[in-house]
Amino acid sequence: MSRVQLALNVPDIDEAVDFYSKMFATEPAKRRPGYANFAIADPPLKLVLFEQAGADARLNHLGVEVMSTAEVLAHQARLTGEGLAPVDESGTCCFAKQDKVWVDGPDGAWEIYAVLADSETFGESSPHVDDGGDSACCASSPESVTTCS
């Protein structure tokens, strides 16, 4: 099973968690300061919230969560074959060890990833940055993150 990921910038994480818990009738799968994610069964959705009070945009990024490293690698090979030049950014991101690739589209970057294990740390800065230079996945703290799963 795979599911679309929607990552949003929210001004108040507690208010957003309260709203989305009611909206989708489920509690967060992971909750940390400035960060929450929901693994929603119906509709299949990975909703990720980043507390960003001053964010210029509500949409943070989009992605596709898959269930295995093999699926990530298959997508990476397929995207490479299509000439889209995916970038491997496996590692720790958003309190999870992940295998991941990013691909730049005409409207921003998409990630395809598999979560391998939970992590107690948020993660390290990513070399993947959008054209504006303001989206580094897994910055050193949730308050400064702009893209991550």
Taking C-beta and beyond as the side chain, do [X] and [Y] meet within less than 4.5 Å on heavy atoms?
{"X": "Trp102", "Y": "Ile112", "value": "no"}
{"X": "Asp14", "Y": "Arg31", "value": "yes"}
{"X": "Glu111", "Y": "Val101", "value": "no"}

Please tabulate, one pair per line, all N/O donor-acceptor pairs under 3.5 Å involving side-chain atoms of residues 74-85, not counting sequence neighbours.
| residue | atom | partner | partner atom | Å |
| --- | --- | --- | --- | --- |
| His75 | ND1 | Arg78 | NH2 | 3.1 |
| Thr80 | OG1 | Gln76 | O | 2.8 |

Taking side-chain contact (heavy atoms from CB on, under 4.5 Å) as the definition, give me every residue that meets it alongside [X], ordered by chain and number, with sequence neighbours left out.
{"X": "Val4", "value": "none"}
{"X": "Leu45", "value": "Leu6, Phe24, Ile40, Leu47"}
{"X": "Asp118", "value": "Lys30, Arg32"}
{"X": "Ser21", "value": "Val17, Glu27, Pro28, Phe38"}

Sequence neighbours excluded, which residues qualify as side chain to side chain donor-acceptor pair (under 3.5 Å) partners of Thr69?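 Once residues adjacent in sequence are excluded, the partners of Thr69 under the side chain to side chain donor-acceptor pair (under 3.5 Å) criterion are Asp99.
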
Does Glu51 use its side chain to pair, donor to acceptor, with the backbone of Ile13 at less than 3.5 Å?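 It does hold such a pair.
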
Can you list every salt bridge (charged side-chain N to carboxylate O under 4.0 Å, His left out) pair that touches residues 62-76, not counting sequence neighbours?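 Listed by first then second residue: Arg3-Glu65, Lys46-Glu65.
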
Partner residues of Asp12 under the salt bridge (charged side-chain N to carboxylate O under 4.0 Å, His left out) criterion, sequence neighbours left out: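 So Asp12 forms no salt bridge (charged side-chain N to carboxylate O under 4.0 Å, His left out) with any residue.
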
